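Computed from a predicted structure; not experimentally measured.
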Amino acid sequence: MNPLTADERAAALAALPGWTLRDDGKAISRSFAFADFRAAFGFMAQVALLAEKQDHHPEWANVYNRVDITLTTHDANGLTQRDIRLATAIDRLA
């Protein structure tokens, strides 16, 4: 899988409000806020199922009601269509 070009990254991000491109252009990230820890953890469980199904796993962190997610394709050393697909699926959960 090849990393997205600059034009492909721009088009993908235009369709993913709330996601930001890392300065090096190799990853996207987004923070999600929930009512409490239980809701945040439930969201993480749903994302985990999506990630496992797609065989593409996020880098993430959870602090109380916040979940921070970063997506990149390590095998391609950059942002790929796999990241965009997972981000789109994650957005459907939020």
Shortest non-hydrogen separation from A27 to T70 and the atoms involved: CB-CG2, 3.9 Å

Between L86 and P58, what is the shortest heavy-atom contact and its length?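 Scanning both residues, the minimum pair turns out to be CD2-CD, 4.5 Å.
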
Determine yes or no for a side-chain-to-main-chain donor-acceptor pair under 3.5 angstrom, with T73 supplying the side chain and L79 the backbone. no

Without swapping roles, check the side chain of D83 against the backbone of T80 for a donor-acceptor pair under 3.5 Å. yes

What residues form a salt bridge (Lys or Arg N to Asp or Glu O under 4.0 Å) with D24, not counting sequence neighbours? R22

Tell me, which pairs form a ring pair (Phe, Tyr, Trp, His ring centres under 6.0 Å) where one or both residues lie in residues 51-86, sequence neighbours left out?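 Sorted result for residues 51-86: empty, none.
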
What pairs with R30 under side-chain hydrogen bond (donor to acceptor under 3.5 Å, both in side chains), at least two apart in sequence or on another chain?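 side-chain hydrogen bond (donor to acceptor under 3.5 Å, both in side chains) check on R30 returns D91.
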
Can you list everything that forms a side-chain hydrogen bond (donor to acceptor under 3.5 Å, both in side chains) with S31? Sequence neighbours excluded, please. D68

So with a 6.0 Å cut-off around CG of D36, is the heavy-atom count from everything else above 12? yes

Nearest 0.5 Å, what's the [atom1]-[atom2] distance between [X] and [Y]?
X: R82; Y: L71; atom1: CZ; atom2: CG; value: 11.0 Å
X: Q54; Y: R85; atom1: CD; atom2: CZ; value: 6.5 Å
X: T72; Y: E59; atom1: OG1; atom2: CD; value: 7.0 Å

Would you mind writing out the side-chain donor-acceptor pairs for residues 9-17 within the sub-3.5 Å range, not counting sequence neighbours?
unit_1, atom_1, unit_2, atom_2, d
R9, NH1, L4, O, 3.2

Verify the cluster assignment for F41 and L93: are they in a single hydrophobic cluster under the rule of side-chain heavy atoms below 4.5 Å apart? no

So I69 and I90, do their side chains get closer than 4.5 Å, heavy atoms only?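 They are in contact (side-chain heavy atoms under 4.5 Å apart), so the answer is yes.
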
Those residues at least two apart in sequence (or on a different chain) that pass ring-ring contact (aromatic ring centres under 6.0 Å, His included) with F43 are F32, F34

